[in-house]
Every structure is written in C-alpha cells, then in structure tokens.
> 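I'd like to ask some things about the structure below.
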There are 2 protein chains.
Amino acid sequence: MPTVPKPRRGAQAVPPDALAGCPFHDVRMKLWTAGLRPTRQRMALGWLLFAKGDRHVTAEILHEEAQASRVSISLATIYNSLHQFTQAGLLREIAIDGSRTYFDTNVSDHHHFLVEGTNALIDLPRIAIDPKELPEPPAGKRIARVEVVIRLRDAES
Amino acid sequence: MPTVPKPRRGAQAVPPDALAGCPFHDVRMKLWTAGLRPTRQRMALGWLLFAKGDRHVTAEILHEEAQASRVSISLATIYNSLHQFTQAGLLREIAIDGSRTYFDTNVSDHHHFLVEGTNALIDLPRIAIDPKELPEPPAGKRIARVEVVIRLRDAES
DNA sequence: TTACGTGCAAATAATTTGCAGTCCC
DNA sequence: GGGACTGCAAATTATTTGCACGTAA
C-alpha cells in the first residue's frame, strides 16, 4: 500500500536551500516541500517529469524512459510515485477515455487537444471559461473543476 | 470476434413496419435500420437501454439489469453489443477518467456533470460552445468533437 | 442453409496490493 | 532504530478474444 505522508510541517517556511535554476535542487525542493522523501527513485522520476517542461505521461512511458536512462525502477513504484505526486499537487490526472491514465506535469488550469489515433495530448492555449456561462450545479453541489477535451482528426478524413 | 455488418442496404427506405410509439417495435426498428439483426439478446438490451429515456450505463450495470429482468445474457455479449450499438450510432462512449467505460443513450451533442464520489453522470442543459471561441487546431487537423465534463463536489467540503 | 450471433472460458492489459527487505532521517 | 519506501509477485478489475454451438433470414 502506498504511504502518503502529510506535507512536512513548516517545510514551505524553511526550505533546505534555494539553489533555484539547478534542476537537481529544484526537484529535491519540490519533493521536500511536498513532504515526500527525496529517495533515489523519486528523484529520478522527478527529473524525468519536471526537467523538460510540460509533459503528458503514462506509467508505461515513464517506466520506459527510466529504463532508457539506466535507472531501475519497478512499474509498481512508478504507479505509487505518480499517485503520490498527484496527491501532493505536483501532477494532475487527465480525464480522457481510453484504458490508460495520463498524468500532466502542468497543474495550472488548462485544457487539451486530443489527437485521435495517436492519443497524443496537446495543451490548449488558455481558453477562458466564463463561470457565468456555466450551468447551475444541482442543489448541494458545487463545481470543482471544468475539463474540456477537443478531439482532433486528420483534416482530410 | 464481434462482427459488425454494414447497414442494411436500403433499410431506411423500406422499414419493416412503422408502429412508432410501441417500444417493442421501436427497438426492433432501431436495430433494423442500423443493420443489426434483432436477436433476443439485442432486443432485450435495446429495451433496457432505450425504453426509459436518456441513460448512462456501464457494461456491468446493464448486465445486472438484464439479470434482474430474468434475461440471461453473458457479459461478453453485452460488451460486444454495446460496441456494435456504438458503431451503429445508437450509443456514444463518454470520455471520463476512471477505469470503466460509460455509454450514453443520448447521442445528440451535449455535455455532462460528473458527481465525484458516486461517479454519477448528469446530462447538461445545452451549453452552447461557440466555434469561434475555440482555439485553432494544429495544421492538418480538424476538430472532431468538443467534450466538456464539469466535476461536482459536495457544496460544504 | 449459412453467415451472423452468442456463451463460455481463457487471454489481455492496466493497475493495485501484500509483504519482506532496504534506506533515509 | 524505526518508520518511510521499494521491488516483486500475486491479485484485481475491466475488457477482449477464440471457438464450438445456436439461430435468424
């Protein structure tokens, strides 16, 4: 069972260091402030995930990348880590149909193009969704999030 | 392997009868015009799916309902039938995350509320999405569909 | 009759979990 | 040292497929 510790008390206030700009320290800091121990595996995954700008990955893809980087991490640990990162707010699960789960390193409020066939995801340039345009939620409920997926197909077909 | 025959030639032009209003004949006609043989199993499923207005179902739910109706249909056949219905345009798959696939009997252009926790789906009153508001698709691609999911959470939490 | 359909059981695929051993603080 | 973490293998869950048999046209 994956263990998800609570965020470290006061971590935000007393970060271990502030060598911003160095990817290694950045990842360590991300983990630290999230209350996750910077283990070898999590550092490696953090490196793969956050050092290259915004990404959309599946557990399988990350696993392959780790192996390509000669870092040995079991698939189970990758799943566990992805969920821990998600709970810590470092990642976001993306809701598209299809059997596999995608994780997005861009946790800001945004939406996606989904290319049919390849299942590739592309961040949308921000489209503003006016809350006033949205329908009223049923009684007792509030809107937690709006997710928009724009499916793309080859132009000629 | 599920076989999905092409729509019956000229079926639209020469429907077997036109007793609209009778659910039994309506389902039979739906299948007929879709080019699907009205077998006992498909008739039963069509009955469950289309006789009660718009519905959101999983294969599992349909299976339980069929058993509750004392109709014996294997789960494999339910999966096959759901996909055949979908290909025939009688159903639509809904893209939400989560492990199971939902099918919607409302195939018109619309969107959904998704209640967190129960995973219940609720059709949205039509919200117009202005095509002019949408971002430009990448070169060589066109927009096939826009899907909006509004996640709901209990108001107090 | 004969291709289309169906049920069953086995096969996949993605993901999760139990647990014994390892590592960080 | 002790709880947090990891790897592995087995377990789950959702879905698909192969194939022998059944059935609608």
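These numbers come from a predicted model, not from an experiment. Below, read A as the first sequence line, B as the second, and so on, with proteins coming before strands; counting in each chain starts at 1.
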> Of A:Ile78 and B:Thr58, whose closest DNA chain D nucleotide lies nearer the 5' terminus?
A:Ile78
> Rounded to whole Å, how long is the line connecting atom OH of A:Tyr79 with atom P of C:dG18?
18 Å
> Under 3.5 Å, is there a donor-acceptor pair linking the side chains of A:Asp104 and A:His112?
yes
> May I have the distance from B:Met43 (atom CE) to C:dG5 (atom P), rounded to whole angstrom?
15 Å
> Could you tell me the separation between the CZ atom of B:Arg42 and the P atom of D:dA24, rounded to a whole number of Å?
12 Å
> Would you confirm whether A:Ser81, through its side chain, and A:Thr77, through its main-chain N or O, come within 3.5 Å as a donor-acceptor pair?
yes
> CZ of A:Arg42 to CZ of A:Arg28: how many Å apart, nearest 0.5 Å?
12.5 Å
> Looking at every strand, decide which applies to B:Ser72 at a 4.0 Å heavy-atom threshold: base, sugar-phosphate, or nothing.
sugar-phosphate
> Atom CG of A:Leu45 to atom C1' of D:dT6: distance rounded to whole Å?
12 Å
> Is the closest basic N to carboxylate O distance between A:Asp97 and A:Arg151 below 4.0 Å?
yes
> Under 3.5 Å, is there a donor on one side chain and an acceptor on the other for A:His56 and A:Asn106?
no
> Can you check whether A:His83 has a side-chain N or O nearer than 4.0 Å to OP1 or OP2 of C:dT15?
no
> May I ask you to say whether A:Lys141 pairs ionically with B:Glu116, meaning some side-chain N is under 4.0 Å from a carboxylate O?
no
> Are there any protein N/O atoms within less than 3.5 Å of an N/O atom in nucleotides 20-24 of chain C, and if so, which ones and at what distance?
none

> Verify, without hydrogens or angle tests, whether B:Arg92 (side chain) and B:Val107 (backbone) share a donor-acceptor contact under 3.5 angstrom.
yes
> Think B:Gln41 has a side-chain N or O under 4.0 angstrom from the OP1 or OP2 of C:dG7?
yes
> Please confirm whether the backbone N or O of A:Val71 pairs with a side-chain atom of A:Ser69, one donor and one acceptor, at under 3.5 Å?
no
> Using atom CG of B:Leu36 as one end and atom C1' of C:dG5 as the other, report the distance to the nearest whole Å.
11 Å
> Can you tell me how far P of D:dT16 sits from CD of B:Gln87, to the nearest Å?
11 Å
> Between P on D:dA4 and CG on A:Asn80, what's the gap in Å once rounded to a whole number?
15 Å
> Would a distance-only check, ignoring hydrogens and angles, find a side-chain to backbone donor-acceptor pair under 3.5 Å from B:His110 to B:Ser108?
yes
> Output the residues of residues 93-104 of chain B in contact with DNA chain D, where contact means a heavy atom of the residue under 4.0 Å from an atom of the strand; sort by number or write none.
B:Ser99, B:Arg100, B:Thr101
> Please state how far atom CD1 in B:Ile61 lies from atom P in D:dT13, giving the value in whole angstrom units.
16 Å
> Of the options D:dT17, D:dT16, D:dT6, whose atoms approach the side-chain atoms of A:Thr77 most closely?
D:dT6
